[in-house]
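Notes to accompany the following structure.
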Amino acid sequence: MAEQKFWLIKSEPFKYSWDDLVAEKEGTWDGVRNHLAKNNLKAMNVGDECFFYHSREGLEIVGICTVSVADILDPTDETGKWAAVKVKPKCKFDNPVSLKQIKAEPRLQDCDLVRLSRLSVASIKPDEWKWICEMAEG
DNA sequence: GCCAACGTTGGC
DNA sequence: GCCAACGTTGGC
């Protein structure tokens, strides 16, 4: 088993929300059309944990999901060039962590979510993961 | 709805 | 291979 890594995946809630994922039990996280995001996707392993972030609406991390299937082909992509993963919901945050809170936290100024706001799959350092989890617990 | 940031495309 | 134009994303 490879070392566990941490990620943040973004989804627009009106397109595919946390509740949709919970309802389905397992969701395919596809539609990535960005090379850096694709590289991150391909670096995911089964068992890695991901923050689930609502973009455009909500603007907060709403919960944690676990990678259940790694490195599959994006079913929405005809060219076969793009990657996807499957994820399962793990837990929902009691207190969702908003982008505002993250930007207000000096230790998180350096994270991919702040620096590369348009990246839909960002990697999270273990420290950053821990801090955000602490914020979610209130 | 606006605008900034970024990626992609296409002309040269 | 460079760079301007354009499209898309996402925060505000």
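Labels below follow one simple rule: chain letters A, B, ... track the order of the sequence lines, proteins then strands, and each chain is numbered from 1.
Protein atom CD of Glu57(A) is 14 Å distant from nucleotide atom P of dG1(B), rounded to whole Å. If you take CG of Leu119(A) and P of dA4(B), they are 21 Å apart, rounded to a whole angstrom. The distance between atom CD of Glu60(A) and atom P of dG10(C), rounded to the nearest whole Å, is 16 Å. Rounded to whole angstrom, the span from the NZ atom of Lys15(A) across to the C1' atom of dT9(C) amounts to 11 Å. Rounding to whole angstrom units, CG of residue Leu99(A) and C1' of dC12(C) are separated by 10 Å. Whole-Å rounding puts the Tyr53(A) OH to dG10(C) C1' distance at 8 Å. We find that CD1 of Ile9(A) is positioned 17 Å from C1' of dT9(C), with the value rounded to whole Å. One interatomic measurement links the two molecules: CG of Asp112(A) to C1' of dT9(C), which rounds to 17 Å at whole-angstrom precision.
Arg118(A) contributes no side-chain N or O that forms a donor-acceptor pair with the base of dG10(C) under 3.5 Å.
Heavy-atom nearest nucleotides on DNA chain B were determined for Leu116(A) and for Arg56(A), and the one closer to the 5' end corresponds to Arg56(A).
Residue Leu59(A) is in sugar-phosphate contact alone, with no base atom involved, counting any heavy-atom pair closer than 4.0 Å across all strands shown.
A side chain to side chain contact (heavy atoms under 4.5 Å, CB included) with Leu41(A) is found for one member of Asn34(A), Val67(A), Ile9(A), Val121(A) and no other, namely Val121(A).
Remark: Asp127(A) does not engage Arg107(A) in a salt bridge, criterion side-chain N to carboxylate O under 4.0 Å.
Distances shown here put a side-chain N or O of Lys103(A) below 4.0 Å from the OP1 or OP2 atom of dC12(C).
Distance CD/Glu60(A) to OH/Tyr53(A): 8.5 Å, rounded to 0.5 Å.
For residues 33-42 of chain A, proximity to DNA chain B is found at Asn34(A), His35(A), defined as any non-hydrogen atom under 4.0 angstrom from a strand atom.
The aromatic rings of Trp18(A) and Phe52(A) sit perpendicular to each other, their planes meeting at more than 60°, with 30° as the lower class boundary.
In the hydrophobic cluster analysis, where Ile, Leu, Val, Met, Phe, Trp and Tyr join through side-chain heavy atoms closer than 4.5 angstrom, Leu119(A) is grouped apart from Val97(A).
Between Asp71(A) and Val85(A), the shortest heavy-atom distance links the atoms N-CG1, 3.8 Å.
Both the sub-6.0 Å distance and the 45° axial angle are satisfied by Lys38(A) relative to the ring of Trp82(A).
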